[in-house]
Participant: 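A single structure is presented below for examination.
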4 protein chains.
Amino acid sequence: MAINTNDKRLQILEAAQKMVAEVGIQGVSMQKLANRAGVAAGTIYRYFDDKDHLLEELRQFVVSRMAKAVQEGVDADKPLKEQYRTMWLNIWRVAASNIDSLKTRVQYDSIPSKNSYETREQERKMFAQVDNLFNEGKKQGVFKNLDNEILSGLSLEASVSLARKHALGLYQLDDASLEAAIEASWDAIIKH
Amino acid sequence: MAINTNDKRLQILEAAQKMVAEVGIQGVSMQKLANRAGVAAGTIYRYFDDKDHLLEELRQFVVSRMAKAVQEGVDADKPLKEQYRTMWLNIWRVAASNIDSLKTRVQYDSIPSKNSYETREQERKMFAQVDNLFNEGKKQGVFKNLDNEILSGLSLEASVSLARKHALGLYQLDDASLEAAIEASWDAIIKH
Amino acid sequence: MAINTNDKRLQILEAAQKMVAEVGIQGVSMQKLANRAGVAAGTIYRYFDDKDHLLEELRQFVVSRMAKAVQEGVDADKPLKEQYRTMWLNIWRVAASNIDSLKTRVQYDSIPSKNSYETREQERKMFAQVDNLFNEGKKQGVFKNLDNEILSGLSLEASVSLARKHALGLYQLDDASLEAAIEASWDAIIKH
Amino acid sequence: MAINTNDKRLQILEAAQKMVAEVGIQGVSMQKLANRAGVAAGTIYRYFDDKDHLLEELRQFVVSRMAKAVQEGVDADKPLKEQYRTMWLNIWRVAASNIDSLKTRVQYDSIPSKNSYETREQERKMFAQVDNLFNEGKKQGVFKNLDNEILSGLSLEASVSLARKHALGLYQLDDASLEAAIEASWDAIIKH
DNA sequence: TATGAATGAGACTTCATTCAT
DNA sequence: TATGAATGAAGTCTCATTCAT
């Protein structure tokens, strides 16, 4: 039963994610979501207080998935550069293989998030390996001595930025350019 | 008289920009916008076909303002580094002085833009000085030989990314960090 | 329970018919109809896709009722003339007893009916006894050898036409005139 | 000047008639009518008190044209039967040559006409030749001794009824059937 | 007299949420 | 726990009418 309960939550969240990807957040109505999830409209309210809470949870749900995807296959024992490259390409892959996911990213940014401290902290923990990478790099004297937030903004965010342009069809990157971009963004965070 | 017509359009667009900044795109209803702009609901429809067209025009309106702000005070005769720094700080300033503007940026990305080629091209021209900077840098052999889109994603987008975090109160940057961030992002695009 | 569903549909259609009779089709707004039917505005949309579909169904609903009223008490075993007289008076009665019904008739003609073949065929079947009457009359050599559509236009439509004038108060018919009119219209379709 | 004034009235009425024929009464808005008539929206209100009055006048305008068309070429010196046939065919012709006119007829019936006595009387006078025909027929002992309203309902209305079905594409009449229908409706009003 | 920008009421429709079953 | 019919507020848009020019 406990599992069933979670199943239904999951069922709803999965359906919600798909809908957001397809029609945007504005296109998600509780009625349609219910249909898509295969439950009655009223049922959603047994698992989520209201639409705002549902979207808030959905946001975390998606961020969590993103975090896993970004850090997948990252081995802390491998050289920093290799870890970095893996993350960079993971981000890119998420965009390339599934356009919706990135289109999605922007969508979730527009959720009127409460951005409570708790929420932020929770999301930070999801990207622990990213933090580890930056911490280790600074410890070894390879990276510039800047806060992780800044290092991230200088490097990995570039991947997000380029991937979005790519996903929206505004700009095409070939493999060589991709490698060059990884190198260049690496230049931003290492000492020279 | 001809100016009056433009005045009312402007009046509506200004009000719309403010509303988007305050309550997000989803929070903008035609009725509320009318109240905010000090016109009757029906009046909006004399100047814009429907809500979609209004948002599309608003998007261009805002992008245009952004472009002006970003390139303000940039002198093509000054050293590249100085031009770059000016732009970087302009972006930052827009965020720092007016939190809404940046929160806004994400909002506009979620507008179901037609992203027609024309629209894209129009927006490109607005950032002509940015393009000039990158072109000149490559010509002088100072910058890496990458497309402007990539160079921009590696450098100025970092400003946007950091400014957003700053604006959302997720992270605070002091002046020293700011200068360091500028230097670091510069490292991403120059040859080493 | 299944009946409840039909009840609400019926409730709405009944209210709609009354409103059309009272204020004309143009006077029917979804909000007012909801009030009249004793349901919430949104409820109507659970039973009808939109206003157009509602009116289309209302049309069929009313035509069906008309057909029943016109053919009520018509006995195929009775002489043709008697059957004819019964129908003629039925039409008249509908008009006399309930002014709205006829005023209504014109209203429904102005519904942007799709007049699809299906719709037409469906309505034809509702007037089966009228067709039977004309067919039998021609078979017996009593009626002129004309299509039923024409025979109907020459005879029963006269009842409709006169009843409308009567209902609108444009002209008054006494019983003697009524009988004379029946005889006269009978003259139009029989052989001489 | 006086003529110019009438010109503009006429201009508006003409445009209104066309619009009604094309999009139905419900489709006529004052703004669109103004465009169609080539005047400003406000101008209409110099010639008509409001929309209701405009429609009322339009109704008379159209009825007047109809009357002229129906009685065109009718010569009081010719035999009754010939006069009758001419009118019958005139009605038919209006329908056949200009579908809009008849579709129009129903439209005007749905105008919330005040049907004031004056209005009725005015419209009666427009059809003077029809009255003359019936009066003469009764005087000569050829027609049944029924009120003209009834005679009209028994005979000419059949033309209207059949023409409408024809115009709406619900039923097709060939020339032979047409002649037969004229004969049959003649049978309805003559003594046997 | 003519214009047409502006108004704001009201039309149709959707949607988050509730509640009897 | 789950359902889904019902609600009614709120959204987008149209339109008859007015009024300063």
Side-chain angles (χ1 to χ4, degrees), chain A residues 1 4-5 8 26-35 37-55, chain B residues 1 4-5 7-9 11-12 26-35 37-55, chain C residues 1 4-5 7-9 11-12 26-35 37-55, chain D residues 1 4-5 8 26-35 37-55:
Chain A
M1 285 305 168
N4 273 348
T5 292
K8 213 145 230 171
Q26 314 212 23
V28 177
S29 81
M30 299 301 263
Q31 200 64 247
K32 287 176 189 164
L33 172 56
N35 292 342
V39 301
T43 303
I44 299 179
Y45 288 84
R46 297 206 78 76
Y47 297 95
F48 305 93
D49 284 352
D50 54 26
K51 196 180 186 182
D52 281 349
H53 283 80
L54 166 59
L55 290 180
Chain B
M1 296 305 159
N4 271 349
T5 291
D7 276 356
K8 209 138 230 170
R9 273 188 86 86
Q11 198 175 326
I12 293 168
Q26 314 206 25
V28 177
S29 84
M30 298 302 262
Q31 191 58 248
K32 287 176 188 164
L33 171 56
N35 293 342
V39 300
T43 302
I44 299 179
Y45 291 85
R46 285 203 68 77
Y47 297 94
F48 305 92
D49 283 351
D50 53 28
K51 195 179 185 181
D52 280 349
H53 283 79
L54 166 58
L55 290 180
Chain C
M1 296 308 157
N4 270 350
T5 292
D7 276 357
K8 208 137 229 170
R9 272 187 87 85
Q11 198 175 326
I12 294 168
Q26 314 207 25
V28 177
S29 84
M30 299 302 262
Q31 192 58 248
K32 287 176 189 164
L33 172 56
N35 293 342
V39 300
T43 302
I44 299 179
Y45 290 85
R46 286 202 68 77
Y47 297 95
F48 306 92
D49 283 352
D50 54 27
K51 196 179 186 183
D52 280 349
H53 283 80
L54 167 59
L55 290 180
Chain D
M1 286 305 166
N4 273 347
T5 292
K8 214 146 227 171
Q26 314 211 23
V28 177
S29 81
M30 299 300 265
Q31 200 62 248
K32 289 174 188 165
L33 173 56
N35 292 342
V39 301
T43 304
I44 299 179
Y45 288 85
R46 296 206 79 75
Y47 296 95
F48 304 92
D49 284 353
D50 54 27
K51 195 181 187 183
D52 281 349
H53 283 79
L54 165 59
L55 290 180

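Letters A, B, ... are given to chains in the order of the sequence lines, protein chains preceding strands, and every chain is numbered from 1. Heavy-atom basis, side chains included; hydrogens, waters and symmetry copies ignored.
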Participant: Let me know the distance between CD of Gln26(C) and C1' of dC12(E), rounded to the nearest Å.
Facilitator: 16 Å

Participant: Which pair of non-hydrogen atoms, one from Gln31(C) and one from Ala41(C), has the smallest distance, and what is that distance?
Facilitator: NE2-CB, 3.7 Å

Participant: Tyr45(C) and Asp50(C): which non-hydrogen atoms are nearest, and at how many Å?
Facilitator: CE2-CA, 4.0 Å

Participant: Is any side-chain heavy atom of Arg9(B) less than 4.5 Å from a side-chain heavy atom of Ile12(B)?
Facilitator: no

Participant: Quick one: Asp50(B) CG to dT14(F) P, roughly how many Å, whole number?
Facilitator: 8 Å

Participant: Using heavy-atom distances to pick each residue's nearest nucleotide on DNA chain F, tell me which of Gly42(C) and Thr43(B) is more 5'.
Facilitator: Gly42(C)

Participant: Taking 4.0 Å as the cut-off, does a side-chain nitrogen or oxygen of Lys32(B) come that near to OP1 or OP2 on dA10(F)?
Facilitator: no

Participant: Considering every strand and a 4.0 Å limit on heavy-atom distances, what is the contact class for Met30(B): base, sugar-phosphate, or nothing?
Facilitator: sugar-phosphate

Participant: Once you round it to whole Å, what is the distance between P of dT3(E) and OH of Tyr47(D)?
Facilitator: 9 Å

Participant: Considering every strand shown, what is the Watson-Crick or G-U wobble mate of dT17(F) when both distances are under 3.5 Å?
Facilitator: dA6(E)

Participant: dG8(F), dA2(E), dT7(E): which one has an atom nearest the side-chain heavy atoms of Ala40(C)?
Facilitator: dG8(F)

Participant: Of Asp49(B), Ile44(B), Thr43(B), which meets side chain to side chain contact (heavy atoms under 4.5 Å, CB included) against Tyr47(B)?
Facilitator: Thr43(B)

Participant: Using OP1 and OP2 only, check whether a side-chain N or O of Lys51(D) sits under 4.0 Å from dT17(F).
Facilitator: no

Participant: Starting at CD of Gln31(C) and ending at P of dA9(E), how long is that distance when rounded to a whole Å?
Facilitator: 16 Å

Participant: What is the distance, to the nearest angstrom, from the CD1 atom on Ile44(A) to the P atom on dA16(E)?
Facilitator: 9 Å

Participant: Could you tell me the separation between the NZ atom of Lys8(B) and the C1' atom of dG4(E), rounded to a whole number of Å?
Facilitator: 13 Å

Participant: Please compare Tyr45(D) and Gly38(A) by the position of their nearest nucleotide in DNA chain F and report the one closer to 5'.
Facilitator: Gly38(A)

Participant: In whole angstrom, give the distance that lies between atom CG of Asn35(D) and atom P of dT3(E).
Facilitator: 12 Å

Participant: Using side-chain heavy atoms (C-beta onward) and a distance below 4.5 Å, is Val28(C) in contact with Lys32(C)?
Facilitator: no

Participant: How long is the line joining CZ of Arg9(B) and P of dA6(E), in whole Å?
Facilitator: 12 Å

